[in-house]
Every structure is written in C-alpha cells, then in structure tokens.
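Below you'll find the structure, written out as structure tokens, and then a few comments.
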Amino acid sequence: MDESNRASSYLDEPPNSRLFLVTSKSITEEIIREHFADFGEIQDIWVVKDKQTKESKGVSFVKFAKSSQACTAMEEMHGKCLAEGTKPIKVFIAQSRSSGSHRDVEDEELTRIFVMIPKSFTEDDLKEKFKVYGNIEYAIIIRNKTTGESKGLGYVRFHKASQAAKAIENCDKTFRAILAEPRTKNASADNDYFTNLRSEHSGNDPGSNSYTFAHESSSYTAGETWSSDIITRCLMVSSRVAVTQEQICGLFDLIPGMDFCEMQRDQYGFSKGHVVVRYNNLGSAVYAKEKLNGFEYPPGNRLSVTYIDDGEDRTSPVGKMAMQLVAAQMMSMVWNGPTGAQLMKTSTGYTAPPTHQKTRVQTDVALPSLKKLVSSDSVVKERLFVIFNPSPLPVDVLEDVFCRFGSLMEVYLVPGRNVGYIKYADRKPAHEAIALLHGKVINGVKMKVMLADPPKEESHKRQRTY
DNA sequence: CGACGGGACGC
DNA sequence: CGACGGGACGC
C-alpha cells in the first residue's frame, strides 16, 4: 500500500466511499473481499470484533476508492447471502466517522445532485447533460420567482445513488456537481403560469428588470428601456424552445388590443419559435414588451420580446418617455381592474395577415446565420470583453448576435456595469465577432468588442470555465 | 472612458 | 437489530 492509499483509508474521502455492512457473525474479511472486489478498488476491509473474545460483532466496513464503487456495491449486494446458511446482509453507505451519527444514510440523500449551469440552460438541457449517468427522475432549475430568470443552479435527481455518484465524479468540473442537501421538508411544485403571471404583473421587484407601473417618474429612468431604437405596435416574440402559436397568442392576448399573432417559420431551420404579435395601439405593445420580455413560459424558457419596425408608428426619442409613461398609466388601470378569472380567458384561432419576416435584433450589420451554442463543458478558448453604450443589451439578444460566428459558450454581463464577457470554445469565431461587431450598433446600443484580458488569478479557485 | 459572477429548493 | 482498528509518511 502506498502512502495515498493509506491516507485515504483513514478518512472518509471521498465522501460516501465507505460501506457499512451488517452480516452474520460467521462472515469473514475474506468472504467479504470475494464478494465485493469486483465493484472497484477496495482500500480497506474491517470486520468489527469483540475485543476479548475476538468474535465478529456482525458489523463490517468496506472502504472503496470511489463513492460510485461503494454505491454500486451497496445496490448490488444488499440482501444477498455471502455464505450457505447465513442471513442476508444489509449494506449501507457508512456515516462519516466525524459525524457521530449511526442513523442509516437514506437514498434520498444520495440520489440528488446540485449543479451550477449556464443561465441559458433549460430543464431539458440539464437532463441532456446528465442522462448519460443514469435514469433521471427529474431535473429542475432554480429561478427567480418573479422574473423567471434562472439563477444558474439546478438539481438532478437520479434513481440510484451510484448514478448520482458517477455524475459527480465524471461530469465536467464547471458544473461543480455535489450531492444536494436534503430538502428541509416536502415541497410541492407550483407550476401555475397564471399565478406567476399575476405576481409578475402586480409586484414591485427591485431586483428585476421589470418595469414598475407606478405613478412616480422614477420608474422610467432605467437605461435598458431605451436600448431599442424604435417603439412600434408590432412585436417579435422569440422562444428558445418550441412553443405553439396558441401558447404565445394565449399569453399575449391577456393584454387587450391584439390585432393578430402569427408563428414565423425560422428561416435557419432551428426550432426556436418566432412569433409576431401586433396590437392595435402602442400602449398595449409597450406593456406587452415590458412585461413579457424575459417572462418564463413554459417554466425554464425565457421569452424574448422586441419591437419590430413595421414602417409605422415611429416615435422620436424625445417622445418615447412620454409615450411610455402614458402607456404605463393606461395599462396600469387595465391591470388593476380584472380579476384572476377574467385574466384567464383563453384565445384560439387567430387569423394571420401576411407579415414580412423580422428578427428581434435590429442592426445595419449583416449578421451571419444563427448557430447553435456549444455545451458548457467545452473549454473556453477565447473570451471577449464588450463595452455597451449607453446600456447593456439583454443576454438573449447578445446570445442571438454572438452565437452567429459559432461555438458560443456563454454571455456574462457584469452586474451594474456596462460591460460583459463572451466566451467561445474556439478562437476563430471570437476573432470574427470582433472583426464584424466592434464599433457597431445593435438595437441602438453601440458596442466595443475586444479580446478580454485574462481573469484575475485566484489560487484556490480552479477549473472554472473562466 | 470600461474589467471579472455564482451554491439551495414557495410551507 | 447493527457503528469505528491497526499502524505509522520521511524533511
């Protein structure tokens, strides 16, 4: 035995790599080794014996090199007989020696992992990443309840402890996968969109980008409101996952005055839904944009809503503020009136007048076609530093723009500043993005695009995506 | 001018 | 019911 083996057999390292066995007193270390050797590297077997009589107390510990080995052995060997005429054994993950507890470790504590993920991840993205380790019972993303924005954290529940252990051991380090602490109590998920919608529309949420439709003038001073060049009655709704026309129309028809709602076929062959919605008045469109841009529908899927230049209803920059204030006050009255039942009216069967294809990105730059984002477990090969003037573009718009050179990994905006970072898994797309986008204007926001300096060194932080 | 995030689940 | 030993790195 070399030094590392000896050292690790003294500690409960890695966590959950040691088994606690309850056996007949006749079961010896040799018998245990025979039956458990195939599950992995056994670092130690200890049969607990009476100090005086040297007789086994029917309790043993088996230390494996890895938690996944211990978990697999537990799953396979629990209830088996190791010798003729002996009782079936019980196998548990041993409590760590420092814990002092002798309570059985439940599967509940071993099958759910906690991960850090890109904010753009949906539940399906999460499942895709982790399904290679085993059957996933569910995957959920932690989101801001009001804005629907992902917090970049998620849970994945597997069916078996060995699957969770393998995921933790083998998944990309950037996920920072660890076992999740058990929930304090039983939680029941609330996936009522309308509940969320109502809270979205009534709450004052200082932490979100939602527009506060209050009476005071401070509500329209945020810069982001003005990042778009134009305000029109016509909106482009973009969804990262497939949605039906009926879903989007039902949602946007909650706001009065809808002219029509038409699903656009994505010209790039992606299944990102693009839906054009037009209202018969600017106020409704302003309200819909402010309230539904970033709204999570279905849960995990943030909708993007931008104005489309339909050739009419252009307003001067000077007029925007007044327009939005008027719209805000008008819509505030509308929304303070109806009851929940009235809000829940559904709409179907929209006739769709011909509308020319538009995108949510307004720019004179000739952008390449949309490309897929690469998975977060890729290695960052190049990173861009982007400065926005006067205010940052939304992350979804930035993804739309910066993905078009290929191998985009993540967009990160520095909170409270007009700068952000764009991570690519290849150098070439990053350099092409600089060449095409530096100094250009997107949705009225001028960007400086350059290579980022290397991040600050933090010796204790390792294996970040950057 | 303009620089580096982030770990917990509606009872 | 069924929970914690033995032995000792190497500047």
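Each chain gets a letter, A, B and so on, in the order the sequences are listed, and its residues count up from 1.
- Put simply, NZ on A:Lys289 and CD1 on A:Ile255 are 12.5 Å apart, with the number rounded to the nearest 0.5 Å.
- At the heavy-atom level, A:Asp104 lies under 4.0 Å from base atoms of the strands shown.
- Note on A:Leu153: only backbone sugar-phosphate atoms sit closer than 4.0 angstrom, heavy atoms only; bases stay farther off.
- Residue side chain A:Phe61 meets the stacking definition with respect to C:dC4: its ring centre sits within less than 5.5 angstrom of the base's six-membered ring centre, and the planes differ by less than 30 degrees.
- When each of C:dG5, B:dG7, B:dC1 is scored by its nearest atom to the side-chain atoms of A:Phe114, the top-ranked nucleotide is B:dG7.
- Applying the 5.5 angstrom centroid cut-off and the 30 degree plane-angle cut-off, the aromatic ring of A:Tyr155 is stacked upon the base of B:dC9.
- Under the stacking criterion of a centre-to-centre distance below 5.5 angstrom and an interplanar angle below 30°, A:Tyr421 is not stacked against the six-membered ring of B:dA3.
- A heavy atom closer than 4.0 Å to some atom of DNA chain C occurs in A:Lys87, A:Lys90, A:Phe92, A:Ala94, A:Gln95, these being the qualifying members of residues 83-95 of chain A.
- Taking the six-membered ring for Trp and thresholds of 30 and 60 degrees, A:Phe36 and A:Phe64 have ring planes inclined between 30 and 60 degrees apart.
- Nearest to the side chain of A:Tyr412, among B:dG5, C:dG5, B:dC4, sits B:dG5.
- As judged by a 4.0 angstrom heavy-atom cut-off over every strand, A:Arg157 is placed among residues making no nucleic acid contact.
- Protein atom NZ of A:Lys423 is 14 Å distant from nucleotide atom P of B:dC4, rounded to whole Å.
- To the nearest angstrom, C1' of B:dA3 lies 10 Å from CE of A:Met450.
- Ion pairing of A:Glu123 with A:Lys127 is absent here, as no side-chain N (NZ or NE/NH1/NH2) approaches a carboxylate O to less than 4.0 Å.
- Checking C:dG2, B:dA8, B:dA3 against every side-chain atom of A:Lys25, the shortest atom distance belongs to C:dG2.
- C:dG2 has no base stacking with the ring of A:Phe20 when judged by centroids under 5.5 angstrom apart and an interplanar angle below 30°.
- Contact annotation: A:Arg183 side-chain N/O to B:dA8 OP1/OP2 distance is not under 4.0 Å.
- The residue A:Leu384 sits apart from the nucleic acid: no heavy atom pair falls under 4.0 Å.
- Ranking B:dA8, B:dA3, C:dG2 by closeness to the A:Ile178 side chain, first place goes to B:dA8.
- We find that NZ of A:Lys51 is positioned 7 Å from C1' of C:dG5, with the value rounded to whole Å.
- The six-membered or imidazole ring of A:Tyr155 lies away from that of A:Tyr138, with a centre-to-centre distance of 6.0 Å or more.
- Ring centroids of A:Tyr421 and A:Phe385 are separated by less than 6.0 Å, placing the two rings close together.
- Looking at the side chain of A:Arg97, the nearest of the listed nucleotides C:dC4, B:dC9, B:dG7 is C:dC4.
- Along DNA chain B, the nucleotide nearest A:Ile117 and the nucleotide nearest A:Pro182 are compared for position; the residue whose nucleotide lies closer to the 5' end is A:Ile117.
- When the C1' atom of B:dC4 is taken as reference, atom CG of A:Asp453 falls 10 Å away, rounded to whole Å.
- Backbone-only engagement by A:Lys57 is indicated by non-hydrogen atom pairs under 4.0 Å involving sugar-phosphate atoms exclusively.
- For A:Arg383 against B:dC4, a side-chain-to-base donor-acceptor contact under 3.5 Å is present.
- Taking atom CG of A:Asp50 as the reference point, atom P of C:dG2 lies 13 Å away to the nearest angstrom.
- Rounded to a whole Å, the NZ atom of A:Lys145 is 9 Å from the P atom of B:dC11.
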task = Could you give me the CA-CA distance, side-chain angles and deciding distance for A:Thr111 and A:Arg157, then say whether side chain to side chain donor-acceptor pair (under 3.5 Å) is met?
result = CA-CA 6 Å; A:Thr111 52; A:Arg157 170 83 71 182; 2.9 Å; yes
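- In this structure B:dC9 sits in the anti conformation; its chi angle is more than 90° from 0.
- Comment: A:Glu432 does not engage A:Arg427 in a salt bridge, judged by the lack of any side-chain N to carboxylate O separation of less than 4.0 angstrom.
- Among pairs with a residue in residues 69-93 of chain A, those fulfilling side chain to side chain donor-acceptor pair (under 3.5 Å) read A:Glu75-A:Ser162, at least two apart in sequence or across chains.
- In this structure, of C:dG5, B:dC4, B:dA8, it is B:dA8 that holds the atom nearest to the side chain of A:Glu181.
- Atom CD1 in A:Ile141 sits roughly 15 Å away from atom C1' in B:dG6 (whole-Å rounding).
- Spacing between atom CD of A:Glu382 and atom C1' of B:dC4 amounts to 16 Å, rounded to whole angstrom units.
- Checking side-chain atoms of A:Gln362 against main-chain N and O of A:Tyr307 turns up a donor-acceptor pair under 3.5 Å.
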